[in-house]
Amino acid sequence: MGNGIKEVREGIHDGFPIFIGYFTTALAFGLLTRTSGFTFVEGVLVSITNFAGSGQFLMMNLYNAGTFLLGIAISVFFINSRYIFMAASLSGKLRNPSSVPGRIMTGFGTTDEVFAVASFKGVKLPYTYMAGLIFTSYAGWVSGTAVGYVAGTFLPDVVQKAAVITVYAMFASLLGGEVRKNVKALLTASVSALINTILILVIGVSTGLSFLISLIAATIFGAVIYTDKEAGIE
Amino acid sequence: MNKLVLILTCSAVTLLPRIIPYFASSYLKKLPGFIRKCMLLLPVASLGALIFPLALTDFGPLWIAGLVGVTTAFLTSFFRGPMILAIVIALLSTTGMLMAMGA
């Protein structure tokens, strides 16, 4: 029991940077739902039931453009298709993969940020830890949406802009730790960074498709250059 | 369009791709060795695309502020600094750059 509480607290601790990043991003989302004609309950319900940054913004933009429901559903599924790979990868790191409620909770909370933090934890993950991590992130996302609906993006412009860096800094920090252990991590991440940048900025591919292509290409590249031992296969 | 139908449809196409793989792990174990190796390397492969180019383009013409933020965070952790320190340093350096550039 004492161990469980310690793991929950560790999850909350690791989720804190995600909370900051999600809260500030969700302010803009909450405001967007209001200006799109959603009621407060409807706006907050989007974040409660979806818990997805890019997918929710895409949904609102398409809704405002008058897209049909099926078109919105297909587009949102497409931008979320990367989660199939992330969830499959993270499922191998759970300490107790057979718990049904544990898997549903972890699946519900498998966002880009939760996935990244949990993946580099370096231990088999108990659901107590995942609960702390996911709940903290979720609280930031939902409360940010509610506050943003009511108050808009009330933070001073420079604070709002700077807060954007929180989540990217978290990813860069995770990468720094991995590169210290093995410089091949820098090569592997550079492949996805390069492909994603070219696809989005030069070729103009949508971010969902671009991310998926970059992820798959860099993963295969990594699997080729890492030895089995370096990858963690005994 | 009924907003509740819209919201719940999007919820389904968001959550199902996330949840279903956790119920396919017995199949995942039977995949060829190379695919399982890919699953282990997917997290590090994802980091590059999670950072670039959005960490720069989110700042528009002031993209250099984003670049300074992610670079300082990377270096802090590379030299064994804890993540929270990396984030604080990134926040300070990005804010500093934004103010210096007149944001």
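By convention in this document, chain letters (A, B, ...) are assigned in the order of the sequence lines, proteins followed by strands, and residues within each chain are numbered from 1. Predicted, not measured: the structure shown is a model, and the values here were computed from it.
- Once rounded to the nearest 0.5 Å, the distance linking CD1 of B:Ile89 with OG1 of B:Thr76 reads 3.5 Å.
- Of the inter-residue distances, the one linking B:Leu98 atom CG with B:Leu62 atom CG reads 6.0 Å to the nearest 0.5 angstrom.
- Heavy-atom distances place both the backbone and the side chain of A:Val46 under 4.5 Å from chain B.
- Between A:Phe108 and A:Tyr138, a ring centre-to-centre spacing shorter than 6.0 Å is recorded.
- Note: B:Tyr22 OH to A:Ser99 OG = 12.5 Å, rounded to the nearest 0.5 Å.
- Within 6.0 Å of the CZ atom in A:Phe78, the count of heavy atoms belonging to other residues, nucleotides or ligands does not exceed 12.
- Side-chain contact annotation: A:Thr33 with A:Glu42, donor-acceptor N/O pair under 3.5 Å absent.
- Side-chain atoms of A:Asn50 do not come within 3.5 Å of backbone N or O of A:Ala52 as any donor-acceptor pair.
- Heavy atoms closer than 4.5 Å to chain B are found in the side chain of A:Leu94, but not in its backbone.
- Proximity to chain A (any heavy atom under 4.5 Å) is restricted, for B:Leu4, to the side chain, taken from C-beta onward.
- For the options B:Ala12, B:Cys10, B:Gly33, B:Gly81, heavy-atom pairs under 4.5 Å to chain A are most numerous at B:Cys10.
- Annotation: salt bridge (charged side-chain N to carboxylate O under 4.0 Å, His left out) contacts of A:Arg82 (sequence neighbours excluded): A:Asp112.
- Residues of residues 64-72 of chain B placed with any heavy atom under 4.5 Å of a heavy atom in chain A are listed by number as B:Gly66, B:Gly69, B:Val70.
- Of the listed residues (B:Thr9, B:Ile20, B:Leu50), the one with the most heavy-atom contacts under 4.5 Å to chain A is B:Leu50.
- Proximity to chain B is limited to the side chain of A:Tyr63, based on heavy atoms less than 4.5 angstrom apart.
- A donor-acceptor pair under 3.5 Å links the side-chain atoms of A:Lys93 to the main chain of A:Ser119, judged by distance alone.
- Heavy atoms closer than 4.5 Å to chain B are found in the backbone of A:Thr227, but not in its side chain.
- For A:Ile200, the part sitting under 4.5 Å from any heavy atom of chain B is the side chain, from C-beta outward, and nothing else.
- Chosen from B:Ile35, B:Leu92, B:Thr57, B:Thr94, the residue pairing most often with chain A at heavy-atom distances under 4.5 Å is B:Thr94.
- Cation-pi check for B:Lys37 over B:Phe34 is not met; the charged atom does not lie both under 6.0 angstrom from the ring centroid and within 45 degrees of its normal.
- Environment of CZ in A:Phe120: crowded, with over 12 heavy atoms of neighbouring residues, nucleotides or ligands closer than 6.0 Å.
- A salt bridge links A:Glu10 with A:Lys121: at least one charged nitrogen is closer than 4.0 Å to a carboxylate oxygen.
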Walk me through whether B:Leu15 and B:Ser11 qualify under side chain to side chain contact (heavy atoms under 4.5 Å, CB included).
CA-CA 6 Å; B:Leu15 297 182; B:Ser11 173; 3.6 Å; yes
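- Contact count versus chain B (heavy atoms, under 4.5 Å) is highest, among A:Ala185, A:Ser190, A:Ala223, A:Gly177, for A:Ala223.
- Comparing A:Ser173, A:Ser98, A:Ser91, A:Pro17 by how many heavy-atom pairs each has under 4.5 Å with chain B, the most go to A:Ser173.
- The structure places CZ of A:Arg95 at 8.5 Å from CG of A:Leu125, a figure rounded to the nearest 0.5 Å.
- Contact count against chain A (heavy-atom pairs under 4.5 Å) is highest for B:Asp58 among B:Asp58, B:Leu75, B:Ile84.
- Contacts between B:Ser46 and chain A at a heavy-atom distance below 4.5 Å involve backbone atoms as well as side-chain atoms.
- The two residues A:Ser192 and A:Ala218 make their nearest non-hydrogen contact at CB-CB, 3.5 Å.
- In this structure, chain B has a heavy atom under 4.5 Å from the side chain of A:Leu201, while its backbone stays farther away.
- Contacts between A:Ser210 and chain B at a heavy-atom distance below 4.5 Å are absent for every atom of the residue.
- In the model, A:Thr111 has a side-chain atom that pairs as donor or acceptor with a side-chain atom of A:Tyr22 under 3.5 Å.
- With a 4.5 Å cut-off on non-hydrogen atoms, A:Met105 does not touch chain B at all.
- With sequence neighbours excluded, the residues forming a ring pair (Phe, Tyr, Trp, His ring centres under 6.0 Å) with A:Phe40 are A:Tyr149, listed by chain and number.
- Using modelled atom types, one side-chain atom of A:Lys184 and one backbone atom of A:Ile225 make a donor-acceptor pair closer than 3.5 Å.
- Here B:Arg18 is the residue among B:Met39, B:Lys3, B:Arg18 with the most heavy-atom pairs under 4.5 Å with chain A.
- In this structure a side-chain-to-backbone donor-acceptor pair under 3.5 Å is present from A:Ser214 to A:Asn196.
- Neither the backbone nor the side chain of B:Ala24 comes within contact range of chain A; no heavy atoms are under 4.5 Å apart.
- The contact between B:Leu54 and chain A is made by backbone and side chain atoms together, counting heavy-atom distances below 4.5 Å.
- Inspection of non-hydrogen atoms places A:Ala163, A:Val164, A:Ile165, A:Thr166, A:Tyr168, A:Ala169, A:Met170, A:Phe171 of residues 163-171 of chain A under 4.5 Å from chain B.
- Contacts of A:Leu186 with chain B are made by side-chain atoms alone, with heavy-atom separations under 4.5 Å and no backbone atom involved.
- For A:Val159, no part sits under 4.5 Å from any heavy atom of chain B, backbone or side chain.
- Looking at A:Ser54, there are no atoms closer than 4.5 Å to chain B (heavy atoms on both sides), in backbone or side chain.
- Rounding to the nearest 0.5 angstrom, the gap separating the CZ atom in A:Phe29 from the OG1 atom in A:Thr24 is 14.5 Å.
- With chain A as the partner, the residue from B:Leu40, B:Leu56, B:Leu85, B:Thr14 showing the most heavy-atom pairs under 4.5 Å is B:Thr14.
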